[in-house]
Amino acid sequence: MSVVPAAPDPAETVASAPSTVSRVLIVGGGITGGVLALGLAQRGVEVVLVDLRETLGGVGHGITLQGNALKAFRSVGIYDKLAERGFPFSHLRLKTADGGVIAEIPTPPMGGPDLPGTMGAVRGDIADVLAEEVVAAGVDVRLGSTITAIDDHGDAVTVTLSDGTTETVDLLVGADGIRSKVRSMIGIDTEPAPVGMGIWRTVAARPAEMDCSEMYYGGPKYKAGYTPISEDLCYAFLLEENLDRSFVGEGPRGKELKEHGQGYGGIWGQVRDSLPDDAIVNYQWIEAICVEEPWFRGRTIIIGDAAHACPPLIAQGAAMCAEDAVVLAEMITSGDKVEDVLPAFMARRFPRVKMVLDNSLTLADWEIHPDTPGADPGRIMGQTLGALVEPA
C-alpha cells in the first residue's frame, strides 16, 4: 500500500522547501523515462531509474517520429545516433484503397528548419540508444524492480522498492505508461478506455518507391498504411474494429494480417503480399487516457502516457512523451520551488497534449464512421501539425 499525504485539495502542494532538486527517482524506462533520466543527469541531478523489465534494450515494431520528437531527442543528445538508422522525409500522402493519391500534406518544421519534418525509425533502436546513453550518463538503473510504497515527507519522498530497499529523493516521477502503477498509488483513478479500433503492426521490406508515410482510406477496414523506417525496412499497419481479445498479442501471424488486409492495392498491397506467413505481427486494441485533474500529489508527478496517451492517428504519442520529459527536466532544475514547478509544468503541457489527444480521437471517430458530415482527416492532421510548430 502507498502512503500519501492527507490533503483536502488534490492539487495541494508541499510546504515551503529548498528549491534545489538533486535526486530524482523515475519509474519506467521507456521513451518518457529514458529521455527524462538523460535530461536530468545532464543537468547534474542524481537519477535512479526503476523498471520491471530485465533489460532496457529494444524490441518492437516501427515508429513515426515528427519533428518535435526529433527536437526533443536532439536536446538530450541522441538524435544523431537515431538519424544514422532512421529514414527522414518531409510529407504525408493520403491515398484511396486502390493506391490513388488523394492529397499530399507537407510536414511543417515542428523541430525547426534544420531537422527533418518526419523520420521513420525502428522503435527498438530508440530503446537501445536510450539504454546506452542512460548508463553512460551515470544513471542508477534498477531492473526487475518496481515501487511498492510512497511516503511523502513534504520536503522529500521515500520510496520503497519491491526488493525491500528504500530510496529518499526530492521528486518521484511516474513515467510508467498507460497502465501506470504510480498513477493509482497517488490516488488518481482515471483509467484508459478503448477507442473502438484495433491495430495490426509489422515490419516488412521497404519497396524502393516508398518515400514517405502513406495512409489508405475507403477500403474494407478503417485504414491501412506504412512508414519507411530505414533504407531497407518499413513499418506497416492496418486499423480495423476491436477484434476478440484472443487476437491481442504478438507472434508469427503474417498469414492473419494478409487475410485481414485484403482489399488494398498500391504499395500497401505489395507490402502485404511480401509478408511471409510467419512474419512477426502485433495486434492491440487502441486505448486512450487523459488525466484532467492535477498530475501531481506532493512531490510525486506522472507524465507521458501515464497522464495522457493518445491513439496513433497523428503519430504524436512518442513526441508528447519526449516533450514532457525535456520540459520537466528543464523546469525542475530551474531553481524554482518544486511546489511551484509541478503545477506550472502541467499548466504549460496540458493544452498542447489535450489538443493532440482530442484531434486524434476525432480522427479515430471519423475513421470508424467515415460518412460523418464534414469529416476531413487531411485538414485536422494539417492543423494539428501546424499548431505543433510552436515550442513545447
Side-chain angles (χ1 to χ4, degrees), residues 2-29 32-50 72 75-76 137-140 147 149-161 166-176 180-188 291-304 306-308 320-353 392:
S2 63
V3 180
V4 295
D9 179 353
E12 183 178 15
T13 52
V14 299
S16 181
S19 60
T20 302
V21 171
S22 60
R23 198 160 193 263
V24 174
L25 190 144
I26 302 168
V27 182
T32 311
V35 172
L36 177 61
L38 273 180
L40 290 172
Q42 290 163 357
R43 289 169 171 79
V45 177
E46 183 181 348
V47 181
V48 179
L49 180 63
V50 175
S75 76
V76 294
V139 173
D140 181 0
I147 66 171
I150 304 168
D151 185 8
D152 194 312
H153 312 295
D155 60 349
V157 186
T158 297
V159 181
T160 303
L161 302 182
T166 60
E167 298 290 339
T168 298
V169 295
D170 300 306
L171 182 70
L172 169 63
V173 181
D176 50 342
S180 169
K181 182 177 182 179
V182 175
R183 184 177 64 229
S184 62
M185 289 179 73
I186 62 173
I188 299 174
V291 177
E292 301 206 11
E293 62 185 289
W295 297 347
F296 53 93
R297 300 291 187 274
R299 285 186 173 241
T300 300
I301 186 169
I302 55 171
I303 67 171
H308 52 82
M320 292 297 101
C321 289
E323 283 186 357
D324 269 8
V326 169
V327 172
L328 183 59
E330 292 173 352
M331 293 182 69
I332 207 67
T333 57
S334 66
D336 293 336
K337 294 178 180 179
V338 173
E339 62 267 31
D340 295 331
V341 168
L342 300 188
F345 168 78
M346 183 177 175
R348 177 173 165 181
R349 293 296 300 154
F350 188 77
R352 188 173 174 98
V353 301

*Asks:* Using every non-hydrogen atom in the two residues, find where Leu172 and Val27 come nearest and quote the distance to one decimal.
*Replies:*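 Minimum heavy-atom contact is CD1-CG2, 3.9 Å.
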*Asks:* Distance check, rounded to the nearest 0.5 Å: Ser75 atom OG versus Leu38 atom CG?
*Replies:*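 So the OG of Ser75 and the CG of Leu38 are separated by 9.5 Å.
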*Asks:* Nearest 0.5 Å, what's the CG-CG distance between Leu171 and Leu36?
*Replies:*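 That separation rounds to 8.5 Å.
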*Asks:* Are the side chains of Leu342 and Ile332 in touch, meaning some heavy atoms are under 4.5 Å apart?
*Replies:*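 Answer yes - side chains close enough.
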*Asks:* Decide yes or no on side chain to side chain contact (heavy atoms under 4.5 Å, CB included) for Ile188 and Ile302, but give the supporting numbers first.
*Replies:* CA-CA 10 Å; Ile188 299 174; Ile302 55 171; 3.9 Å; yes
*Asks:* Supply the atom-to-atom distance Met346 CE to Glu293 CD, rounded to the nearest 0.5 angstrom.
*Replies:*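 Between atom CE of Met346 and atom CD of Glu293 there are 8.0 Å.
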*Asks:* Does Thr333 use its side chain to pair, donor to acceptor, with the backbone of Ala329 at less than 3.5 Å?
*Replies:*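 Here the side-chain-to-backbone pair exists.
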*Asks:* Could you tell me whether the side chain of Leu25 reaches within less than 4.5 Å of the side chain of Ile147, counting heavy atoms only?
*Replies:*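 Result yes, sub-4.5 Å side-chain heavy-atom pair found.
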*Asks:* What residues, two or more places apart in sequence or in another chain, satisfy salt bridge (charged side-chain N to carboxylate O under 4.0 Å, His left out) together with Arg23?
*Replies:*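 Partners of Arg23 by the salt bridge (charged side-chain N to carboxylate O under 4.0 Å, His left out) criterion, ordered by chain and then number, come out as Glu46, Glu167.
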*Asks:* Begin from the C-alpha positions of Val24 and Val169 and carry the test side chain to side chain contact (heavy atoms under 4.5 Å, CB included) through to its verdict.
*Replies:* CA-CA 5 Å; Val24 174; Val169 295; 5.7 Å; no
*Asks:* Return the minimal non-hydrogen interatomic distance between Thr168 and Ala156, and the atom names on each side.
*Replies:*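 For Thr168 versus Ala156, the nearest heavy atoms are CG2-CB, 4.0 Å.
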*Asks:* Under 3.5 Å, is there a donor-acceptor pair between the side chain of Asp324 and the main chain of Thr32?
*Replies:*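 Absent.
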*Asks:* Got a donor-acceptor contact below 3.5 angstrom from the Arg349 side chain to the Ala392 backbone?
*Replies:*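 The answer is no, because no donor-acceptor pair under 3.5 Å joins these two groups.
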*Asks:* So which atom in Ala306 and which in Val291 form the shortest heavy-atom distance, rounded to 0.1 Å?
*Replies:*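 Ala306 and Val291 have their closest heavy atoms at O-CG2, 4.0 Å.
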*Asks:* If I compare all heavy atoms of His308 with all of Met320, which pair ends up nearest, and what's the gap?
*Replies:*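 Minimum heavy-atom contact is CE1-CB, 3.9 Å.
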*Asks:* On a heavy-atom basis, which atom in Val139 and which in Leu49 lie closest, and how many Å separate them?
*Replies:*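 Taking every non-hydrogen atom into account, CG1-CB, 3.8 Å.
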*Asks:* If you look at every heavy atom in Trp295 and Ile186, which pair is closest and at what distance?
*Replies:*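 Heavy atoms only, the tightest pair is O-CD1, 4.1 Å.
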*Asks:* Indicate yes or no for a side-chain donor-acceptor contact from Asp152 to the backbone of Arg299 under 3.5 Å, with no hydrogens or angles considered.
*Replies:*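 Yes, the answer is positive, given that a donor and an acceptor are paired below the 3.5 Å cut-off.
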*Asks:* Between Gln42 and Val76 (side chain of the first, backbone of the second, donor and acceptor by atom type, cut-off under 3.5 Å), is there such a pair?
*Replies:*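 Checking the backbone N and O of Val76 against the side chain of Gln42, a donor-acceptor pair under 3.5 Å is found.
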*Asks:* Quick check: does any side chain N or O of Asp176 sit under 3.5 Å from a backbone N or O of Lys181, one acting as donor and the other as acceptor?
*Replies:*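 Checked: pair present.
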*Asks:* As an exercise, state the distance from CZ of Arg297 to CZ of Arg183, rounded to the nearest 0.5 Å.
*Replies:*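 Between Arg297 CZ and Arg183 CZ, I get 12.0 Å after rounding to 0.5 Å.
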